[in-house]
Amino acid sequence: MAMEKTLILIKPDGMARKLTGIVIDRLDNAGFEMVGAKVVAVSEELARKHYEALKNQPFFENLIKYIRGEFHGIKNHKIIAFVYKGENAVEGVRKVVGATNPEQAACGTIRGSFGRITTKGQFENVVHASGAGPEAEKEIELWFKPEELVE
Ligand code: TYD
């Protein structure tokens, strides 16, 4: 077991559907500690950097629109970013969040409870949570300054 930090984003569908409180509650109940939180207007540049690894995927341009709120017609593209800390937090938070495809996400996970796929084909899965490997550290660096984390 290792002490880890991981990035969580409340995506525009999660914001629009007022799910922030529920996400915080579930992560609290799972025993993770919030060490960073802020409201962020997601610029085109930030969105493209965040999803850089997926730039060759056919759904990439929709993903950029989605994370910036354009997909949902939200003009101020405002989301909430969190850093959570805990033992094996990267894998543990992903477990609370559930599978990428909301149709495959287990019941009781955040995406299993609240995610959806619309007829447009976009996965609307409420939250982002860092994946395994170097991803979490890289993403935390992208979204937060070191002094914004309280540990
Ligand atoms: P990915 O990083 O593979 O998943 P996760 O968010 O679970 O780490 O994909 C990023 C986002 O891209 C995902 O949250 C939703 C979207 N996406 C689609 O819209 N369609 C797809 O087929 C995949 C794989 C992802």
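Residue indices begin at 1 and follow the sequence shown. Computation of the quantities below employed the complete heavy-atom set of this structure, encompassing side-chain atoms and omitting hydrogens, waters and symmetry-equivalent molecules. Atoms within each ligand, like the ligands themselves, are counted from 1 in listed order. Since this is a predicted model, take the numbers as computed values, not measurements.
- Considering only non-hydrogen protein atoms, atom 9 (O) of ligand 1 sits nearest to L54 CD1, 3.6 Å.
- One finds a salt bridge joining K49 and E45 here, because a Lys/Arg side-chain nitrogen approaches an Asp/Glu carboxylate oxygen to under 4.0 Å.
- Using modelled atom types, one side-chain atom of E148 and one backbone atom of K145 make a donor-acceptor pair closer than 3.5 Å.
- Ion pair E124/R116 flagged as a salt bridge, since at least one NZ, NE, NH1 or NH2 atom sits closer than 4.0 Å to an Asp/Glu carboxylate oxygen.
- The option from E124, R111, Q57, K11 that lies nearest to atom 6 (O) of ligand 1, judged by heavy atoms, is R111.
- Here the side chain of N125 pairs a donor or acceptor atom with the backbone of T100 at under 3.5 angstrom.
- Considering N125, N101, L63, T100 only, the shortest heavy-atom separation from atom 5 (P) of ligand 1 involves T100.
- Residue-level proximity to ligand 1 for Q122 is carried by the side chain, the only part with a heavy atom below 4.0 angstrom.
- Protein heavy atom in closest approach to atom 17 (N) of ligand 1: F59 CE1, 3.5 Å.
- With hydrogens left out, the protein atom closest to atom 8 (O) of ligand 1 is R94 NH1, 2.8 Å, a heavy atom.
- Here the side chain of S130 pairs no donor or acceptor atom with the backbone of E135 at under 3.5 angstrom.
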